[in-house]
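Shown next, in structure tokens, is the structure this report addresses.
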2 protein chains.
Amino acid sequence: MRLLVVEDEPQLRRELVALFERHGYLVDADETVFDAVEHGMSMAYDCIVLDYMLPDGDGIEALTQLREAGCPTPILMLTVKNDPKDRVFGLNKGADDYLGKPFHPDELLARVGALVRRTPSLSDEEVLTHGKATLRTKSRSLEYEGRTLELTSKEFALMEALMRHKHQLMTRDQLIAKVWGPDAEVADSALDTYIYFLRRKCANIGWKNAIVTVRGRGYALQPEGE
Amino acid sequence: MRLLVVEDEPQLRRELVALFERHGYLVDADETVFDAVEHGMSMAYDCIVLDYMLPDGDGIEALTQLREAGCPTPILMLTVKNDPKDRVFGLNKGADDYLGKPFHPDELLARVGALVRRTPSLSDEEVLTHGKATLRTKSRSLEYEGRTLELTSKEFALMEALMRHKHQLMTRDQLIAKVWGPDAEVADSALDTYIYFLRRKCANIGWKNAIVTVRGRGYALQPEGE
DNA sequence: CTTCGACAACCAACAGCCTCATGGCGTTCC
DNA sequence: GGAACGCCATGAGGCTGTTGGTTGTCGAAG
């Protein structure tokens, strides 16, 4: 999880970097608007923490430039300018959160965490598990007792829907909505096919009876991952 | 843009509903944890504003239930419990933002706006334009002087990258990173092919010379949409 | 000025995969 | 038995990305 901290005051910058690094982030630091825009555009960061006062301009300027250039990275403004008016201004200019100084370190961490959690990151691989089975969202791969295979995008979407609702029965309509979108127009049997594909692939790596049919209702994962 | 407001105090609830409706949101309101979870799971909302104190439990409970059930909707907690400790707790439980009472209406609007802006909504169709050309993100369609065609997912991703950086030159590496992801392993010539596809499709609907080549540098959209 | 080589870009063609519809078959329930 | 439901094989069609040949551009040498 990579973070860009933009803060010109050396003492605070060191503290911020140390704080985030203690919590497992990879942190880069900049001091100027120019560098911030340059590095922020690289798309390599999961979040940018941006101070308001910088030697070559203010943070809003960096914010504006990044957003106009299409930078999608979530940005948290961190500043002493902390009137509601300032907050509204920053948020409307494209900031995702706005925290006034002085701040509580835990709150900063929690807010950055919320932003990072919300943003589908390319660097963090979400992992869903169910018994012995593991589904990796980044590589779209499924592992069972050490054996691995890759899923196609529809297969993956279907398995993801089942895994995110383990212990629940999913109706055909619910599954179709999840995999093909809420207003999809596919034949009902397309779901049959992908259930079939998934079962075959799962069986190939030793996961027998991965998906159980509840006749007339829908499908669910095997209650025990075993 | 649809909002769910969960607040049991009638006076404040009315004010919140009125506030958001004045700013163009479609607002539903609930008073209980039970209803909030029920309605929140419908996936129909772009954001949920959740009060802490509710008659049948606290907001954290609703939050937890929604998140455990896989609800992806951004949630803003709105509460009188406003110690840093409370904020950290709420954020770590899955809230996306946390605003203490009393709050400034504009700030609430700005924060909800930031959440909604960040979340890819199914209800709002983003539209990018460049001169006479219009790219609709929802339908992945491209329109030029009234004539429309549909793009495949790669074609769309490429056109989107170009449109989001109009007036800029995009290098081959930048485009490949945008279309295939930052660490893609595709041959350079794949980009050639899709540039070719796009140009052909654009020409079909009358958009001549849509994409200009800058030899040795990269590609850009035709400076004037015309 | 012309020629040549290197290189970038363009484009056609193709193979492989993903997606999904069709339709036959088996199973379950009334 | 028959109807409804689910399972599975097959195949068409679209999307993707590679290969390889052609064209165009630039710079250096003749």
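Predicted model only: the values in this text are computed from it and were never measured. To find a chain, count down the sequence lines: A is the first, B the second, and so on, and within it residues start at 1.
Between B:W207 and B:Y144, the two ring planes are parallel [angle under 30°; tilted spans 30° to 60°].
Regarding B:N209, its CG atom lies at a distance of 14 Å from the C1' atom of C:dC10, rounded to whole Å. The distance from atom CD1 of A:I195 to atom C1' of D:dG6 is 11 Å, rounded to the nearest whole Å. As rounded to whole Å, 14 Å separates atom C1' of C:dC11 from atom CD1 of B:I211. In this structure, CZ of A:R217 is placed 16 Å from C1' of D:dG6, rounded to the nearest angstrom. The separation between A:L149 atom CG and C:dC18 atom P is 12 Å, rounded to whole Å. Taking atom CZ on A:R140 and atom C1' on C:dC18, their separation rounds to 10 Å, with Å as the unit. Here C:dT19 presents its C1' atom at 14 Å from CG of A:L198, a figure rounded to the nearest Å.
B:F156 comes within 4.0 angstrom of no nucleic acid atom, judged by non-hydrogen atoms across all strands.
Applying the salt bridge (charged side-chain N to carboxylate O under 4.0 Å, His left out) test to A:R67 and every residue at least two apart in sequence or in another chain returns A:D96. Remark: A:D28 engages A:R2 in a salt bridge (charged side-chain N to carboxylate O under 4.0 Å, His left out) (not counting sequence neighbours).
A side chain to side chain donor-acceptor pair (under 3.5 Å) with A:R199 holds for exactly one of A:N209, A:T213, A:N204; it is A:T213.
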Going 5' to 3' through nucleotides 14-26 of chain D and flagging B where a protein heavy-atom sits under 4.0 Å of the base, S where only the sugar-phosphate is that close, and - otherwise, we get -SBSBB----BB-
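The phosphate of C:dA8 (OP1 or OP2) has no side-chain N or O of B:R172 nearer than 4.0 angstrom. Checking the phosphate oxygens (OP1, OP2) of C:dC11, no side-chain nitrogen or oxygen of B:R200 falls inside 4.0 Å.
The environment of NZ in A:K93 is sparse: at most 12 heavy-atom neighbours from other residues, nucleotides or ligands sit within 6.0 Å.
The backbone N or O of A:E31 lies less than 3.5 Å from no partner atom in the side chain of A:R13, so there is not a single donor-acceptor pair.
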